[in-house]
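Right, one structure below, let's go through it.
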Amino acid sequence: MLKVKGTLMLASAEDVAAIQGMRLKNSEKSKMIRDHNGFRKLLIVLTKSRKLFALHTGDGRIVWSLLLNSLRQTEACENPTGINVYQWQVPHHHAMDENPSVLVVGRCRTGTDAPGIFSYVDTYTGQELKSFGLNHSVAQVIPLPLTDSTEQQLHLLIDANGQAHLYPRAPEAVAIFQNEFSNIYWYSVEADKGVIKGHGLKSNCDGEVADNYCFGTRETWSIVFPSESEKIISTVTRKSNEVVLVSGQIFS
């Protein structure tokens, strides 16, 4: 009704102010501007077909899409699959020089013992910046609340043998990580067995070749739900080291 009154030049001063407010609000929906997290108006989605989409949260349109080269089938990687997308770099202090980027983690096969795959993607342009295969498997990915001087977020990748691998693999990242070493904990869920476990870190991995970015892990606690009466459906937490909320079923 306000728009009709405005078109017919029948709007009062209050109506004109309301119309201008509506126009401003609608224009905000389509702006591609950065918020304090660096991801305003973009929703990054990884599909089962190994395609990455950036969706505009204002109007739902596809801003860009990308079939990741790192997840294409090759002789070395016969059945690549994507695991998830993680925030990698949000350059608050370098916003004029760099765009935010995400980390896409995948595997060369469906099992958790398969070699991992890394890919970095510019979230504004949809360009795959870098990709490479890992020399270890990926069973779990732990984003850490730590960043380096380039504002890259540190991640721990837990392999099928329970070892933790730090990324990015850089001396600065290790120094930052070591300062918080004793404060880093996470949990894992074996829903089919009804088990939730807490984990912490030990010293560097044992091996013939020293690896400053690999660490042993230890179990700190565990909870076993009786399989004859209870079943874990899902677990939820904002961060991997916070209190775990468990949703389940109790059988009569």
Side-chain angles (χ1 to χ4, degrees), residues 36-39 70 83-95 97-107 112-121 123 129-190 195-223 235 237-244:
H36 67 282
N37 292 317
F39 288 97
S70 56
I83 299 176
N84 211 335
V85 181
Y86 302 90
Q87 184 172 292
W88 178 251
Q89 186 179 30
V90 183
H92 295 106
H93 302 296
H94 306 86
D97 305 315
E98 298 179 70
N99 292 338
S101 58
V102 292
L103 166 65
V104 180
V105 182
R107 299 188 186 102
T112 57
D113 60 342
I117 304 168
F118 256 27
S119 182
Y120 307 115
V121 178
T123 57
L129 303 173
K130 184 180 180 182
S131 64
F132 54 90
L134 308 180
N135 60 4
H136 58 80
S137 57
V138 179
Q140 189 175 3
V141 181
I142 313 295
L144 300 174
L146 305 169
T147 57
D148 62 16
S149 60
T150 65
E151 299 178 88
Q152 292 180 137
Q153 185 171 355
L154 275 60
H155 290 69
L156 274 182
L157 270 66
I158 314 301
D159 65 24
N161 298 319
Q163 295 179 322
H165 303 265
L166 177 66
Y167 289 88
R169 293 174 66 87
E172 182 191 6
V174 171
I176 295 170
F177 180 74
Q178 291 287 3
N179 288 335
E180 298 293 333
F181 190 88
S182 60
N183 299 321
I184 295 174
Y185 298 92
W186 67 94
Y187 74 94
S188 63
V189 180
E190 299 177 43
V195 178
I196 302 178
K197 296 179 180 179
H199 306 273
L201 294 164
K202 297 193 298 186
S203 57
N204 287 81
C205 298
D206 297 326
E208 296 181 1
V209 180
D211 187 347
N212 294 330
Y213 306 100
C214 179
F215 303 88
T217 62
R218 57 189 175 89
E219 184 179 316
T220 57
W221 55 264
S222 65
I223 299 175
T235 58
T237 179
R238 285 196 309 122
K239 297 179 181 179
S240 58
N241 59 354
E242 288 185 330
V243 174
V244 186

Check your understanding: Hey, what do you get for OH (Y187) to OG1 (T235), rounding to the nearest 0.5 Å?
Key -> 3.5 Å
Point to revise | pair Q178-F215: side-chain heavy atoms closer than 4.5 Å | key: yes
Check your understanding: Is there a donor-acceptor contact under 3.5 Å from the side chain of R218 to the main chain of K202?
Key -> no
Check your understanding: Yes or no on side-chain contact (heavy atoms from CB on, under 4.5 Å) for I196 and W221, after CA distance, side-chain angles and deciding distance?
Key -> CA-CA 8 Å; I196 302 178; W221 55 264; 3.7 Å; yes
Check your understanding: If we only count heavy atoms from C-beta on, is the T112 to R107 side-chain gap below 4.5 Å?
Key -> yes
Exercise for review: Could you tell me the separation between the CG atom of L146 and the CD atom of Q152, rounded to the nearest 0.5 Å?
Suggested key: 13.5 Å
Point to revise | Pair R169 + D211, salt bridge at N-O below 4.0 Å | key: yes
Review point. What about the rings of Y213 and Y167, do their centers lie closer together than 6.0 Å?
Key: no
Review point. Going by the salt bridge (charged side-chain N to carboxylate O under 4.0 Å, His left out) test, which pairs reach into residues 175-190, not counting sequence neighbours?
Key: E190-K193, E190-K197
Revision key, fill the gap. Taken in chain and number order and not counting sequence neighbours, the residues that satisfy side-chain contact (heavy atoms from CB on, under 4.5 Å) with P115 are C108, R109
Practice item. Identify the heavy atoms of C205 and G216 that sit nearest to each other, and give their distance. Key: SG-N, 3.9 Å
Review point. Under the side-chain contact (heavy atoms from CB on, under 4.5 Å) test, which residues partner N84, sequence neighbours left out?
Key: Y86
Practice item. Check whether any side-chain heavy atom of V195 sits under 4.5 Å from a side-chain heavy atom of I223, and report yes or no. Key: no
Check your understanding: Which atom names give the shortest non-hydrogen contact between V174 and N212, and what distance separates them?
Key -> CG2-O, 3.9 Å
Review point. Heavy-atom distance under 4.5 Å between the side chains of T150 and Q89, does that happen here?
Key: yes
Check your understanding: Looking at side-chain heavy atoms only, is the closest gap between S101 and L129 below 4.5 Å?
Key -> yes
Exercise for review: Could you tell me whether the side chain of V138 reaches within less than 4.5 Å of the side chain of Q140, counting heavy atoms only?
Suggested key: no
Exercise for review: Give, for atom NZ of K130 and atom CG of L103, the distance between the pair rounded to the nearest 0.5 Å.
Suggested key: 11.5 Å
Check your understanding: Any salt bridge (charged side-chain N to carboxylate O under 4.0 Å, His left out) pairs touching residues 156-167, not counting sequence neighbours?
Key -> none
**Study point:** Contact summary for H155 and V141, nearest pair of heavy atoms
**Key:** CD2-CG1, 4.1 Å
**Study point:** Pair W88, Q153: side-chain N/O donor-acceptor within cut-off below 3.5 Å
**Key:** no
Revision key, fill the gap. Between S70 and S119 the two heavy atoms that sit nearest each other are OG-CB, 3.3 Å
Practice item. Could you list the residues that satisfy side-chain hydrogen bond (donor to acceptor under 3.5 Å, both in side chains) with S188, not counting sequence neighbours? Key: H199
Check your understanding: Which atom names give the shortest non-hydrogen contact between L144 and L156, and what distance separates them?
Key -> CD1-CG, 4.0 Å
Review point. Looking at residues at least two apart in the chain, or sitting in another chain, which of them share a salt bridge (charged side-chain N to carboxylate O under 4.0 Å, His left out) with E172?
Key: none
**Study point:** Side chain to side chain, Y120 and V104, heavy atoms closer than 4.5 Å
**Key:** no
Point to revise | Non-hydrogen side-chain atoms of I142 and I158 separated by less than 4.5 Å | key: yes
Point to revise | Pairwise distance CG(L166) to CZ(F181) - rounded to 0.5 angstrom | key: 10.5 Å
